[in-house]
Each structure stands twice: as C-alpha cells, then as structure tokens.
Enquirer: 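Structure in structure tokens, see below.
Note that these values count all heavy atoms, side chains included, but never hydrogens, waters or copies made by symmetry.
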Amino acid sequence: MLAGCSDSTVEVRITPDAYQVGSVKSPLATPAVDEVVRMDPQRVLMVLCRNTPPAKTIQFERELRARSQAALQGMHTDDGCPA
C-alpha cells in the first residue's frame with residue numbers, strides 16, 4: 001500500500017481537565033494538536049466526556065483546523081470520565 005493512502009484515524013479524548021492523544025496528555029489543547037499533526041491522520045475522532053465544557057472542544061477544533069485538513073468526528077461517552 002502506498003504511504004498516505006491508508007484510512008488512518010486518530011482518537012483524541014477530551015475531558016473537562018485534559019486532552020489526550022496516545023501517550024500525550026495535557027490540560028492545554030496545543031500539545032494534543034501537535035501530536036495529531038505529527039501523526040498526520042485522515043480523520044480525527046474526538047471522544048468527549050459529556051461534562052466537557054463546549055469551549056474546551058471548540059479550542060481543540062480551532063487549533064486543529066488551522067493546522068490540519070483531517071476530517072473531524074465526535075462522540076460523547078461516560079466511560080472513563082470524571083464525575
């Protein structure tokens with residue numbers, strides 16, 4: 001298979017207090033965005049805790065859209081989320 005032709009998806013977990021991409025975990029969006037850009041996926045799946053403030057998600061989306069053409073998808077979860 002040619003490089004760049006794979007259907008790669010990166011999962012980003014967004015909780016009220018952190019962003020996590022693989023082993024990168026930060027209270028700020030920028031380190032998570034840096035890791036996503038480094039991985040250069042075609043799609044980014046944002047797994048959002050239901051109690052995550054919308055502003056936190058918007059911050060990640062804005063930073064990522066400024067630096068990547070990856071398609072964004074989102075889903076809500078309660079698994080592994082702070083109470």
Enquirer: Any non-hydrogen side-chain atom of T9 less than 4.5 Å from a side-chain atom of P41?
Expert: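 SC-SC contact between T9 and P41 ruled out.
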
Enquirer: For F60 and V44, what are the C-alpha separation, side-chain angles and deciding distance, and is it a side-chain contact (heavy atoms from CB on, under 4.5 Å)?
Expert: CA-CA 11 Å; F60 178 81; V44 175; 4.3 Å; yes

Enquirer: Does M39 share a hydrophobic cluster with M46, counting links as ILVMFWY side-chain heavy atoms below 4.5 Å and allowing steps through other members?
Expert: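 Yes, because M39 and M46 connect within a single hydrophobic cluster, where side-chain heavy atoms sit under 4.5 Å apart.
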
Enquirer: Please check if V37 and V21 belong to a single hydrophobic cluster, counting links between Ile, Leu, Val, Met, Phe, Trp and Tyr side chain heavy atoms closer than 4.5 Å.
Expert: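 Yes.
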
Enquirer: How far does CG of L28 sit from CG of D34, to the nearest 0.5 angstrom?
Expert: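 If I round to the nearest 0.5 Å, the distance is 10.5 Å.
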
Enquirer: Indicate yes or no: at least one non-hydrogen side-chain atom of K25 is less than 4.5 angstrom from one of R13.
Expert: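 No; the side chains remain at least 4.5 Å from each other.
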
Enquirer: Treating Y19 as the side-chain partner and K56 as the backbone partner, does any N or O pair qualify as donor plus acceptor under 3.5 Å?
Expert: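 Checked: pair present.
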
Enquirer: Yes or no on side-chain contact (heavy atoms from CB on, under 4.5 Å) for R50 and T77, after CA distance, side-chain angles and deciding distance?
Expert: CA-CA 6 Å; R50 293 185 193 279; T77 187; over 6 Å; no

Enquirer: Hey, what do you get for CG (L48) to SG (C81), rounding to the nearest 0.5 Å?
Expert: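 Rounded to the nearest 0.5 Å, the CG-SG separation comes out at 9.0 Å.
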
Enquirer: Would you find a donor on one side and an acceptor on the other, under 3.5 Å apart, between the side chain of T52 and the backbone of C49?
Expert: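 Pair found, side chain donor or acceptor close to backbone of C49.
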
Enquirer: For V47 and V12, run side-chain contact (heavy atoms from CB on, under 4.5 Å): C-alpha distance rounded to whole Å, both residues' side-chain angles, the deciding distance at 0.1 Å, then the answer.
Expert: CA-CA 6 Å; V47 179; V12 178; over 6 Å; no

Enquirer: Quick one: does E61's side chain get under 4.5 Å of L72's, heavy atoms only?
Expert: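 They are in contact (side-chain heavy atoms under 4.5 Å apart), so the answer is yes.
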
Enquirer: Counting only N and O atoms by type, is there a donor-acceptor contact under 3.5 Å from the side chain of D17 to the main-chain atoms of P27?
Expert: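 Side chain of D17 to backbone of P27: no pair is present.
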
Enquirer: Hey, does Q20 have a side-chain heavy atom less than 4.5 Å from the side chain of I14?
Expert: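 The answer is no, as the side chains (C-beta and beyond) never meet within the 4.5 Å cut-off.
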
Enquirer: Other residues, nucleotides and ligands only: do more than 12 of their heavy atoms fall within 6.0 Å of CZ on R67?
Expert: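 Yes - once you tally the heavy atoms of other residues, nucleotides and ligands closer than 6.0 Å, there are more than 12.
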
Enquirer: Working to the nearest 0.5 Å, report the span between CD of E11 and CD of Q73.
Expert: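 Taking CD in E11 and CD in Q73, the distance rounds to 11.5 Å.
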
Enquirer: Yes or no on side-chain contact (heavy atoms from CB on, under 4.5 Å) for M75 and L45, after CA distance, side-chain angles and deciding distance?
Expert: CA-CA 8 Å; M75 65 176 275; L45 175 61; 4.2 Å; yes

Enquirer: Looking at N51 and P82, what are the two nearest heavy atoms and their distance?
Expert: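 Scanning both residues completely, I find the closest heavy atoms to be ND2-O, 3.0 Å.
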
